[in-house]
Amino acid sequence: MKTEINHKWFYSQTPEEIWMYLTETELIAQWIMPNDFKLLLGHHFTFRTNPIPSLNLDGIFHCKILEIVPFKKLVYSWKGGPGNDETIFDTIVEWTLEKKDNGTELYLLHTGFKEENVSILTGMTEGWLKKMEKVENLLNEK
């Protein structure tokens, strides 16, 4: 069974420009969800969206920043569930940026899905592709 999401994108912008969309609260909200993100190691933050009853999710995703290498790597945990402190998935999101060919390659590795998370994994696999397309559109509008 597949237990991770692994995607790669190329952007014509610099790693510094891409980094802003991964680390600035207002920019993150434009492409993924409202949040209380702060680029601070150990910071606990949430992403918030509408509940997703079909996946048993209350729409609040609890995260914690685990690693920061400015303009190169950002790692955080990503947990979700039906609420009342119940977690049904507990994963790790790892973003890696690499300067390449007058632009940036951005890698996403989202790991830790279990067999009972197959519906969430499927939804998020497609979801990340759509979200990063939004980032590309936002970058190109600048």
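- Cys63 is listed as a side-chain neighbour of Phe47, based on a closest heavy-atom distance under 4.5 Å.
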Side chain to side chain contact (heavy atoms under 4.5 Å, CB included) evaluation trace for Ile88 with Leu57: CA-CA 8 Å; Ile88 61 170; Leu57 298 172; 3.8 Å; yes
CA sep, side-chain torsions, deciding dist, call: Thr23, Leu74, side chain to side chain contact (heavy atoms under 4.5 Å, CB included): CA-CA 9 Å; Thr23 61; Leu74 176 65; 4.1 Å; yes
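- Atom OG of residue Ser77 and atom CG of residue Asp90 lie 7.0 Å apart, to the nearest 0.5 angstrom.
- Here the CD atom belonging to Glu26 is positioned 10.5 Å from the CE atom belonging to Met20, to the nearest 0.5 angstrom.
- Contact check for Thr91 versus Thr111: no side-chain heavy atoms found under the 4.5 Å cut-off.
- In this structure, the separation between NZ on Lys99 and OG1 on Thr104 is 6.5 Å, given to the nearest 0.5 Å.
- Counting only heavy atoms from C-beta outward, the side chains of Leu106 and Thr96 never approach each other to under 4.5 Å.
- Distance check, rounded to the nearest 0.5 Å: NE2 of His7 to CD1 of Ile5 gives 6.0 Å.
- When hydrophobic clusters are built by joining Ile, Leu, Val, Met, Phe, Trp and Tyr residues whose side-chain heavy atoms come closer than 4.5 Å, directly or via intermediates, Leu66 is not grouped with Leu109.
- Taking both residues in full, the closest heavy atoms of Asp58 and Ile60 are given as OD1-N, 2.9 Å, listed atom of the first, atom of the second, then distance.
- Taken together through direct or relayed side-chain contacts under 4.5 Å among Ile, Leu, Val, Met, Phe, Trp and Tyr, Leu108 and Leu129 form part of one hydrophobic cluster.
- Transitive grouping of hydrophobic side chains (ILVMFWY, heavy atoms separated by less than 4.5 Å) keeps Phe37 and Ile92 in distinct clusters.
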Met124 and His110: CA distance, side-chain angles, deciding distance, side chain to side chain contact (heavy atoms under 4.5 Å, CB included) verdict: CA-CA 9 Å; Met124 290 187 89; His110 192 163; 3.4 Å; yes
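- Shown here is Lys2, whose NZ atom has more than 12 heavy atoms of other residues, nucleotides or ligands within 6.0 Å.
- Atom-to-atom distance recorded for Ile18:CD1 and Leu139:CG is 4.5 Å, nearest 0.5 angstrom.
- Residue-environment remark: CD (Glu115) stays at or below the threshold of 12 foreign heavy atoms within 6.0 Å.
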From CA spacing to verdict: side chain to side chain contact (heavy atoms under 4.5 Å, CB included), Ile120, Asn56: CA-CA 9 Å; Ile120 295 168; Asn56 199 25; over 6 Å; no
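- In terms of modelled atom types and a separation under 3.5 Å, the side chain of Asn137 and the main chain of Val135 share no donor-acceptor contact.
- At least one side-chain heavy atom of Lys73 sits less than 4.5 Å from a side-chain heavy atom of Glu67.
- Using a 4.5 Å cut-off on side-chain heavy atoms (C-beta onward), Tyr11 and Glu105 make no contact.
- By the 4.5 Å heavy-atom criterion applied to side chains, His44 and Lys64 are counted as neighbours.
- Within the model, atoms CD of Gln13 and CG of Leu138 stand 10.5 Å from one another, a figure rounded to the nearest 0.5 Å.
- Residue Glu133 qualifies as open at atom CD: its count of foreign heavy atoms under 6.0 Å is 12 or below.
- For the pair Thr25 and Asn35, the minimum side-chain heavy-atom distance is below 4.5 Å.
- Under the 30°/60° scheme for interplanar angles, the aromatic rings of Trp31 and Trp128 are found to be tilted.
- In this structure, Val93 is not a member of the same hydrophobic cluster as Val75, with clusters built from ILVMFWY side-chain heavy atoms closer than 4.5 Å.
- Between Trp78 and Phe61, the angle of the ring planes lies from 30° to 60°, which puts this pair in the tilted group.
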Worked verdict on Tyr76 versus Trp95 for side chain to side chain donor-acceptor pair (under 3.5 Å): CA-CA 9 Å; Tyr76 49 84; Trp95 297 103; 3.1 Å; yes
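- Leu97 and Phe71 fall within a single hydrophobic cluster, where Ile, Leu, Val, Met, Phe, Trp and Tyr are joined by side-chain heavy atoms under 4.5 Å apart, directly or via other members.
- With a 6.0 Å radius and a threshold of 12 heavy atoms from other residues, nucleotides or ligands, Asn140 has its CG atom above the threshold.
- Scanning both residues, Ile32 and Lys131, for their nearest heavy atoms gives O-NZ, 3.4 Å.
- Residues Pro70 and Ile68 form a side-chain contact, since some pair of their non-hydrogen atoms from C-beta on lies under 4.5 Å apart.
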